[in-house]
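Proteins come first, then strands; the chains are lettered A, B, ... in the order of their sequence lines, and each starts at number 1. Because the structure is predicted, anything quoted here is derived from the model rather than measured.
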Amino acid sequence: MKVGIISFAHMHAHSYATYLQKHPDACLAAIWDGDAERGQKTAAAYQVDYYEDLQAFLETDIEAVIVCSENAKHKEHVIASARAKKHILCEKPIATEVADAEEMIRTCKEEGVILQVAYPVRFAPVMEQVKQMLDDKAIGEVIAINGTNHGQMPGGWFIDKELSGGGAATDHIVHLMDLVRWMLRDEVKSVYAELDTRFYDIDVEDCGMVSLELESGVIVTIDPSWSRPKTFPTWGDVTMHIIGTKGTLSVDVFKQHALYYNDRGNKWQHLPWAVDMDERLIADFVQCVQDGRAPSITGEDGLRTLEVVKAAYESNQAKQAVTIMRLPLS
Amino acid sequence: MVKVVVAGSQETGKKYYEAWSGVKAAEVVGYADSLAVLRELLQEKEVDVVDILSSVEASAEWIALAAEEKKHVICGAGGQLGHAALRKAKELCEVREIQLVIGSSLRFSPEYVQAREQVRQGAIGKPGVIRVRRSAPAPEAGSAKGCIFHELGVAEFDWLRWTFGEVVRVMARRVKHTDDSGQELEYALVMLRMEDGTIAHVELSWAEASERAAFEITGDAGMIQHDSHDSQPILWQTNKRLEQKVLGWERFAHLAQLERERSLREHVVSCLSKREALAISPEDILQAQKIAQATRQSAESGQPVQLMDGGDSI
């Protein structure tokens, strides 16, 4: 199965490219990139064809695409790919506006193509185990979750609101939100957020805290801050303290690492040894296309998490808790 | 030599004797396990300080009695006194010109004191996001239990205010669950916005198997992390076939608790003899209680609560 990658703006594209090449039934066949220099360089590195023209790229015999362009361009690239009958794996967040996400979902449905959103953390073996434990009622009924998705400040287009749609809140609320919706099969009722720019001299928020109440009454905090110092030994974290009626679970998704004290580099580094979640995400997407089944992570999953991000911005402005009005999907 | 009467049951009194025995310039001259005994002791003996243990119920009456006799007071459960009762006790002690010292404060925990010093010296630069956690097993079913924001929260709120300044806005959510045996779990997630813009998150849990406290302080020039579970210098485990009734780290936690109690008492004795101001005043606890009250109000309304400067409106 031939797959193309639309843009290497998001660094995850490199991981996806690597695992496509490793996959026994799939291969990376073509690259389009709005940045010609980057496109040519990556195409040469992966030994595939580079296309400067998106239409020409979409007219090739690739069956599916992975969209890793800047957040604000996801809509254009997903809709163009859908019109060309390509199945799509779209980097998170699905879009920068809820209406765009809705149009993307509608178009993919009309064109009969798969739209999957890249929330790889679901595929981390740690999270599969956690979900299984929750389903087995290992800690009874879940009543609260205290979660973090911290990171270092990524810079580049991530801090250009026109291209990213926002800062740390846009970048990091969605992963935790997707895990919570997936684990608990629940939706958000109320959102309160305090967001701010306190670490860097940049035009988007670099930190904050989001307080949620779910429809079931479960309470959740998500800390999406880019608060990991430059000296932090890894990119960030995904952690959850899950409180149940019969016990608690402390989850640190990237805990499986060795600690490397690197004298030559003058830094500490985590050396992860866990099964790579991106590899499993790619395998799932490839299988989904091959079997023609519904995607594991749908466009609606992308849209519902984006609604929470938007509500967080609204709440931060109003200094009030906001009740989510979920967009009805046909 | 500062002379001390320990007020409370004989049982817990012994524990506090240990704390006092480490304070050089003080001596315990008696125990009082009832108000009547305390009155008698205060009239018969020369006493400087009454140390009212946290196990004492209705400590307001004990404070009033000590104040009446013009004795300085250390009150372990002062933070759990209601806002009005504490204000009244504070005023009473002011009139009598005696010191009222509220115990159970993080201002005497070395890791929290150190963190504050580092923040004030600029180690992390401009504070950004602060994460704090306080977990404990739920109080036994049927036992009198106050509000989680007050009982677990006040010490955290006091430390945050002491370290990062005034709180302007709070948002809190709380969940409760009662299981079949009548055991009640309670858990709260609190967000504070400080006057200087710092965002703080406080996790308060009565849903755990053991006590745990942690903090993470981030700023634009660094981060300081501490977790009580990751800072146990001794891990004691018995052979697999033997049942271990006391977990290895619990012994050390007990010693740390004793050291906090001793450190507080040494500070009190030192301040009394040098006539210096204490590191914590009843007003500090009253302010922390105001924050706790606001978080409770927020959890009930589902909306943030603004804290006004001064006044006693909440």
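- For the residue pair B:Leu189 and A:Val220, the shortest heavy atom distance occurs at CD1-C, 4.0 Å.
- For the set B:Lys176, B:Arg133, B:Glu216, B:Gln303, the count of heavy-atom pairs under 4.5 angstrom toward chain A peaks at B:Gln303.
- With chain B as partner, the option from A:Ser225, A:Ser190, A:Cys207 having the largest number of non-hydrogen pairs under 4.5 angstrom is A:Ser190.
- A distance of 5.0 Å separates CZ of B:Arg131 from NE2 of A:His150, quoted to the nearest 0.5 Å.
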Assess whether side chain to side chain contact (heavy atoms under 4.5 Å, CB included) is satisfied between A:Thr245 and B:Asp179, documenting all intermediate values.
CA-CA 7 Å; A:Thr245 54; B:Asp179 69 17; over 6 Å; no
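- Expressed to the nearest 0.5 Å, how far CG of A:Leu195 lies from CD1 of B:Ile199 amounts to 7.0 Å.
- Only the side chain of A:Phe232 comes within less than 4.5 Å of a heavy atom of chain B; its backbone N, CA, C and O stay farther away.
- For chain B, no part of A:Ser315 is nearby; none of its heavy atoms comes within less than 4.5 Å.
- Heavy atoms of B:Thr178 lying under 4.5 Å from chain A are absent altogether.
- Looking at B:Gln225, the atoms closer than 4.5 Å to chain A (heavy atoms on both sides) all sit in the side chain, from C-beta outward.
- Neither the backbone nor the side chain of B:Asp180 comes within contact range of chain A; no heavy atom of the residue lies under 4.5 Å from a heavy atom of that chain.
- Remark: the backbone N or O of B:Gly219 is not paired with any side-chain donor or acceptor of A:Arg198 at under 3.5 angstrom.
- When heavy atoms are compared at a cutoff of 4.5 Å, A:Val322 does not approach chain B at all.
- Pairing each heavy atom of B:Val175 with each of A:Gly217, the nearest pair is CG1-O, 3.7 Å.
- A:Ser211 approaches B:Arg173 most closely through the heavy-atom pair OG-NE, 2.7 Å.
- Here the closest non-hydrogen pair linking B:Asp220 and A:Phe199 is CB-O, 3.4 Å.
- With respect to chain A, the highest number of heavy-atom pairs below 4.5 Å among B:Glu208, B:Met223, B:His201, B:Arg174 belongs to B:His201.
- If you take CZ on B:Arg212 and OG on A:Ser250, they are separated by 5.5 Å, rounding to the nearest 0.5 Å.
- Ion pairing of A:Asp196 with B:Arg193 is present here, as a side-chain N (NZ or NE/NH1/NH2) and a carboxylate O approach within less than 4.0 Å.
- By the 6.0 Å contact criterion, CH2 on A:Trp235 is enclosed, its count of non-hydrogen atoms from other residues, nucleotides or ligands being greater than 12.
- The minimum heavy-atom distance between B:Gly302 and A:Ala321, with the atom names listed, is O-CB, 3.3 Å.
- Interface remark: B:Leu185 contributes side-chain atoms only to the contact with chain A (heavy atom separation under 4.5 Å).
- Counted within 6.0 Å of CG on A:Asp135, heavy atoms from surrounding residues, nucleotides or ligands total more than 12; the atom is thus considered enclosed.
- Other residues, nucleotides and ligands contribute over 12 non-hydrogen atoms within 6.0 Å of the CD atom of A:Glu215.
- In this structure, A:Lys267 places its NZ atom where only 12 or fewer heavy-atom neighbours from other residues, nucleotides or ligands lie under 6.0 Å away.
- Neither the backbone nor the side chain of A:Ile139 comes within less than 4.5 Å of any heavy atom of chain B.
- Proximity to chain A (any heavy atom under 4.5 Å) is shown, for B:Gln183, by neither the backbone nor the side chain.
- Between chain B and the options A:Thr248, A:Val218, A:Ile243, heavy-atom pairs under 4.5 Å are most frequent for A:Ile243.
- To the nearest 0.5 Å, the span separating NE2 on B:His177 from CD1 on A:Ile143 amounts to 7.0 Å.
- Residue A:Tyr192 comes nearest to B:Met171 through the heavy atom pair CD2-CG, 3.3 Å, listed as atom of the first residue, atom of the second, then distance.
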